[in-house]
Structure formats: C-alpha cells, structure tokens
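See structure below.
What you see is a predicted model, and the numbers here were worked out from it, not measured in a lab.
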Amino acid sequence: MIPNDQRAVIITAPGGPEVLSERQDWPVPYLGPDDVLIEVAAAGINRHDCNQRAAGPSREPNPVPGLEASGRIVACGADVPPERLGEAVIALTDGGSYAQYVATDQHLALDLPSGLDWIQGAALPEALFTTWFNFFELMRMAPGETALIHGGSSGVGTIAIQLLHALGHPVFATAGTAEKRALALSLGCSAVFDYADPDLAEQIRAATGKRGVDCILDTSAGAHIAQDLAALAMGGRIALLSAGGGKDLGVPLRGLMARRASITGAFLRSTSLDLKRRIAADLRQRISPLLGTAIRPHIDSTYRLSEAADAHARMETSRHIGKIVLRVHG
C-alpha cells in the first residue's frame, strides 16, 4: 500500500542549510499517464539544490529539492507498461527527490546498473544527463575531439571524465588541490591543471601540441573565460554550466573571433521533456553498458534524509570530492 503522506525535506524560507526542514506529512506525488512513482532509496545532492534553497521555496514549483534518485518503481501511470512495477531504477527528476517517494516521466527512469548499489546509482543521473546534454547536444562534440572540464573532481566532472574517456575522447581537467587533481587524473584525464595558474591556457596548449581543446565545460560561471578562449582549438566551443546567480559574462571579443569560437549554455531542468527523453534514449544505447565498469561514481560522503542540512553544508565548503548522497530508505 502506498500512503497518502510521506517523509520529505522541504525548503521553508530563503537562506542557509538551516532552512531545510523534515516533514512527516508531505503529500505523495500524483502520477500523470506517463509517470512512474519511485520509492526512493537514495538521492543525489547537487549545487542546484543549494541554489534553490538559498532562493527560497517560491523559486520553483516544488519546495522539495532533489533532481535525481535511485529506488524501485512502486506505481505506474495509465500509459506505463505494468511490467515496470518493481524495477530497480536510477532517475532524473524535476525536483522532489529528498523524500520517500518521487514521480518522474517513465523514460527518465533507467535501469540501476549491474554491480552498483543504491548510493552509487543515485550519484549518476544528473551527471550523466548534464554531460550528454552539454557535450553532445549543445557543443555537438565529434568523434576524437578533445575536452577540458573545469571542476574535474566534482560530481559532474568525475562522471564526465570517465564517460568521455570511455568514448575515446582525450580529456583534460582542472581542479583546485593536489588531491582533487590526482583523482581526476586517475579517472582517465590526459593531464590535470590548477585552474588558478596564470599560465593555464599555455599549459593546455602545450599538452595538446599547441592545437588547443575542442570543447570546454565551464562550471565556474565564466570565471576563466579569457583563459578558456586562449586554450581553445580553432572552431572550439564552450558550454557554461552555471549562471553564477545572474552574473554578466565579460567576453574578450578579439579572443572569441580569433578562435572562431562559440559560447553556449542552457538549464537542463527547464529543457523540454522531449529533449530529455532523447538524451535518455542515447544514454540507454551508448552509455548504459559502461555503467558499473568503465564509469563508476566516486562517493564523497553519505547522509541520512534527516541530515540534509549537513549535506548542504558539506557541499558549500567545496571541499568534497565526488558526489554527496542522501540515504532515504533502508
């Protein structure tokens, strides 16, 4: 029996981690015809969750944060094949994963990879969708092209390195400490650099035989835009992953034009369901066989659902390496 109410963590006001509050009487989501209801085993923590919390409960329709989860399908909408009941899945969600139950479109719920547990599974969806969306939808990365990932030890960075390396792309990354750089290197990078180095662009060009890199994933809201443009190959592309709270991007136009570069970016959460379904189909076909083998999440730490505020505090130190995950069930 599925209850009407559930345990969930909600954002009660704009502010720090202390504004997260656990409720015992939050309504279980209603299912649309193409939705599945997942009994959540674990939920991944993302920087987006912290930004949503800081902005307050009215920023987005669902005051329960959480964009990804692992768990079992316990109910199906009218248009979902009933044989999906009981499936162990990892899922991209439109918020609501800090809870006992979350609903999502059936196409965004992928099989839990063999050999991975609930915690590891919950660390995958947002990073997988974000990597594919930015590199292959926005930047149109071609076979054999090179990548640079800022924040190579982050949740997205650690998965992006492994995914692109597994597909045959030479990958470079930046990270802020020796420990973080060592991890990124161990995941398949050809070289890893200190993003604060004033000679960053020259180091990247030297590591690529003076050619530069084709695609850059910028998680820093354009903090390194001049260095990024100088490090690009001719016709290279930059995808911005963070809006920096509404920050303006100062672009050196001479550098942009000299490289015939393109700068792009988009919010995955507000992307159309049709596009998310297409990304999910690509992940099933191209990436699912690699999960649990060539691609494995690196877990920084785990917290109970009731400790969501502590998990956010850990995220905001920026000292974490890999993924922070909430244990929800079991």
Side-chain angles (χ1 to χ4, degrees), residues 34-36 38 44 46 48 67-70 73 79-81 84 87-94 97 103-116 120-149 152 154-171 173 187-188 213-219 236-241 262 264-297 323:
D34 277 311
D35 291 340
V36 292
I38 298 168
N46 290 281
H48 172 279
L67 299 176
E68 58 188 341
S70 63
I73 295 175
D79 294 339
V80 179
R84 295 206 66 180
E87 277 187 19
V89 295
I90 60 173
L92 187 74
T93 67
D94 190 20
S97 291
T104 194
D105 181 81
Q106 61 167 320
H107 301 282
L108 307 186
L110 313 177
D111 290 342
L112 177 70
S114 176
L116 297 187
Q120 294 167 314
L124 286 171
E126 179 71 14
L128 291 173
F129 276 81
T130 295
T131 299
W132 198 270
F133 178 49
N134 281 275
F135 280 99
F136 299 106
E137 290 287 340
L138 296 182
M139 291 191 282
R140 304 291 182 185
M141 193 176 200
E145 286 193 320
T146 54
L148 172 67
I149 298 164
S154 67
V156 170
T158 53
I159 294 301
I161 290 167
Q162 295 176 79
L163 187 154
L164 296 174
H165 177 70
L167 294 180
H169 297 277
V171 186
L187 296 176
V213 291
D214 298 293
C215 297
I216 297 177
L217 184 65
D218 183 353
T219 60
R237 289 85 74 200
I238 300 170
L240 299 167
L241 198 58
S262 300
T264 186
F267 294 115
L268 176 62
R269 185 172 186 181
S270 58
T271 298
S272 72
L273 178 57
D274 284 345
L275 178 52
K276 290 177 183 176
R277 286 175 169 179
R278 187 168 79 233
I279 294 170
D282 288 338
L283 292 173
R284 280 191 182 90
Q285 180 181 359
R286 298 285 306 281
I287 303 303
S288 288
L290 304 173
L291 299 178
T293 52
I295 303 171
R296 296 183 67 89
K323 196 73 174 183

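Contact of the F135 side chain with the L163 side chain is not registered, since no non-hydrogen atoms from C-beta on lie closer than 4.5 Å. Here the side chains of I295 and I159 are in contact, with some heavy-atom distance below 4.5 Å. Inter-residue side-chain proximity for P297 and L116 is flagged as met; some heavy-atom pair is nearer than 4.5 Å. Contact check for D34 versus R277: side-chain heavy atoms found under the 4.5 Å cut-off. In this structure, the side chains of N46 and K323 come closer than 4.5 Å at one or more pairs of heavy atoms.
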Donor-acceptor pairs are to be reported for all side-chain atoms of residues 285-294 against protein atoms at under 3.5 Å, with residues two or more places apart or in another chain.
| from | atom 1 | to | atom 2 | distance (Å) |
| --- | --- | --- | --- | --- |
| S288 | OG | L283 | O | 3.3 |
| T293 | OG1 | L290 | O | 3.0 |

Go through M139 and I238 one step at a time and tell me if the side chain to side chain contact (heavy atoms under 4.5 Å, CB included) criterion holds.
CA-CA 7 Å; M139 291 191 282; I238 300 170; 5.7 Å; no
The test is side chain to side chain contact (heavy atoms under 4.5 Å, CB included); show your working for V171 and L187 and say whether it passes.
CA-CA 10 Å; V171 186; L187 296 176; over 6 Å; no
Take L217 and V156, measure what side chain to side chain contact (heavy atoms under 4.5 Å, CB included) needs, and give me the verdict at the end.
CA-CA 10 Å; L217 184 65; V156 170; 4.2 Å; yes
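Between the CH2 atom in W132 and the CG atom in L164 there is a gap of 9.0 Å [rounded to 0.5 Å]. Rounding to the nearest 0.5 angstrom, the gap separating the OG1 atom in T264 from the CD atom in E137 is 11.0 Å. Here the straight-line distance linking atom CG of D218 with atom CD1 of I149 works out to 12.0 Å at 0.5 Å rounding.
Side-chain atoms of T146 come within 3.5 Å of backbone atoms of D214 as a donor-acceptor pair (strictly under, hydrogens ignored). Checking side-chain atoms of D105 against main-chain N and O of H107 turns up a donor-acceptor pair under 3.5 Å. Side chain of T271 to backbone of L268: a donor-acceptor contact under 3.5 angstrom is found. A distance-only check finds a donor-acceptor pair linking the side chain of T104 to the backbone of L92 [under 3.5 Å]. The main-chain N or O of Q106 is found under 3.5 Å from a side-chain atom of R84 such that the two form a donor-acceptor pair. Under a 3.5 Å cut-off, the side chain of E68 and the backbone N or O of E126 do form a donor-acceptor pair.
When every heavy atom of A123 is checked against every heavy atom of A127, the shortest pair comes out as O-CB, 4.4 Å. Minimum interatomic distance between Q120 and G115 (heavy atoms only, all atoms of both residues): OE1-O, 4.0 Å. Shown here for F267 and F133, the closest heavy-atom pair between the two residues is C-CE2, 4.4 Å. Residues P170 and G144 come closest through the heavy atom pair CD-O, 3.8 Å. Heavy atoms only, all atoms of each residue included: T131 and A160 are closest at OG1-CB, 3.4 Å. Across all their heavy atoms, S70 and G121 have their closest contact at CB-C, 4.1 Å.
L112 pairs in a side-chain contact (heavy atoms from CB on, under 4.5 Å) with only one of the listed residues (L124, V89, I90), which is I90. A side-chain contact (heavy atoms from CB on, under 4.5 Å) with F136 is found for one member of D282, I279, L167 and no other, namely L167.
Residues that satisfy the side-chain contact (heavy atoms from CB on, under 4.5 Å) test with D94, not counting sequence neighbours, are R269.
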